[in-house]
Number of protein chains: 2
Amino acid sequence: MVDVDEIDKKILVELRKNGRITFTELSKKLGLSVASIKNRVDKLERLGAIKGYSALVEPAFLDEYLQTLIELELLADDPQAERALQEIGKLENVLGIYRKTGEFQIMIRANFRNMDELKSFLRFLSQRYLRKNLRRWRVAIILDVIKDNGVQISKGSQRR
Amino acid sequence: MVDVDEIDKKILVELRKNGRITFTELSKKLGLSVASIKNRVDKLERLGAIKGYSALVEPAFLDEYLQTLIELELLADDPQAERALQEIGKLENVLGIYRKTGEFQIMIRANFRNMDELKSFLRFLSQRYLRKNLRRWRVAIILDVIKDNGVQISKGSQRR
DNA sequence: GCTGAAATTCTGGAGTG
DNA sequence: CACTCCAGAATTTCAGC
């Protein structure tokens, strides 16, 4: 990775741990002026090293009582499916979509208000988007989140 | 969820999409004064609705060329293992740890610089932490991230 | 590239209806 | 709850090194 030095990497590590840290704090931690920190963060965003920022929201507060990991086995990687996944990614309750190795090539992380919503999502997936391509799926329920996106979640946080 | 109304939920949704949005911008989007937005965000953090903030970092910029999903099958949920998972969560390259249903009860999302680092992490898991408890694991390589933590990632971003 | 300093914008508290 | 007010911080821009 050209254009990115050790200080930049430290900035990335800090921002992954705390996405709302101020440039002022960063400048104290790393011993650079605020202006330099800003220049570097701007550069990192421009280079695509930082894709965005996100708050880690406890799903229950959005009435998302069901956290799931859904794996999909597709028959082929056609561009159709690729586009379908982009579309699915626009849904607010879909937190992550990953292409991966293994029996199931796609992993979706999605939250739902209840079983009915999950069921209609699965119906939606097969009917609307991945009609011929989707061979089977597997759903796991997330029982507890210990760490998420680089942020350690306090124990027993799933209580309501 | 008592204490959380529709406006609060909109705030959570916005912050999940953009964790660094200013209160001023939020106030424009939602038609409330800046002070009210701040009061609400403070409340949401206090209530634990917001667990933290994170930047989405393209792993290659941290020399993390190997993105993985590691599943663990544990023999029992003893408190030992619970503590071990907390410890593992302190590692910077471990982005997520989830307890879940299914054959494998734990899913870890972790990034590595190379195969050797992955191998020593797996050795570490079984030797150091989960000695008697760990029955087996399964590793999948993440090939592409389409959406992550509520933030859509531009297509073909995994190129290098 | 980094810096300090000025201009602008945002945040955090106190207080009001 | 939501609002205004305002002091103090943080951010942004820029000239100079």
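Throughout, a chain's letter reflects where its sequence line sits, starting with A, and its residues are numbered from 1.
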Tell me: [atom1] of [X] to [atom2] of [N], nearest whole Å?
X     : N      : atom1 : atom2 : value
B:L32 : D:dT4  : CG    : C1'   : 14 Å
B:D8  : D:dC1  : CG    : C1'   : 11 Å
A:D42 : D:dT12 : CG    : P     : 7 Å
A:E45 : D:dT12 : CD    : C1'   : 13 Å
B:K38 : D:dC3  : NZ    : C1'   : 15 Å
A:L26 : D:dA9  : CG    : P     : 18 Å
B:L44 : D:dC1  : CG    : P     : 11 Å
B:L30 : D:dC1  : CG    : C1'   : 15 Å

Taking A:A140's backbone N and O only, do any of them form a donor-acceptor pair with B:K100's side chain (distance below 3.5 Å, no angle check)? no
Test item: B:S54 side-chain N/O and A:R16 main-chain N/O as donor-acceptor pair under 3.5 Å: yes
Charged N to carboxylate O under 4.0 angstrom, A:R138 versus A:E73? no
Salt bridge or not for A:D42 and A:R46, using N-O below 4.0 Å? no
Please figure out whether A:I21 or B:I7 has its closest DNA chain D nucleotide nearer the 5' end. B:I7
Please check if any side-chain donor atom of A:Y53 sits under 3.5 Å from a side-chain acceptor atom of A:E45, or the reverse. yes
With nearest nucleotides of DNA chain C determined for B:T24 and A:S33 from heavy-atom distances, which residue corresponds to the more 5′ nucleotide? A:S33
Exactly one candidate in A:L118, A:L95, A:L62, A:V94 meets side chain to side chain contact (heavy atoms under 4.5 Å, CB included) with A:N111; the answer is A:L95
Nucleotides bounding contact with chain B, strand DNA chain C, heavy-atom threshold 4.0 Å: C:dC10 to C:dG12
For A:T22, report the nucleic acid contact type (base, sugar-phosphate, nothing); a contact means any heavy atom under 4.0 Å. sugar-phosphate
So what does B:N39 hit on the nucleic acid, given a heavy-atom distance under 4.0 Å: a base, only sugar-phosphate, or nothing? base
Do the non-hydrogen side-chain atoms of B:E103 and B:R136 ever get within less than 4.5 Å of each other? yes
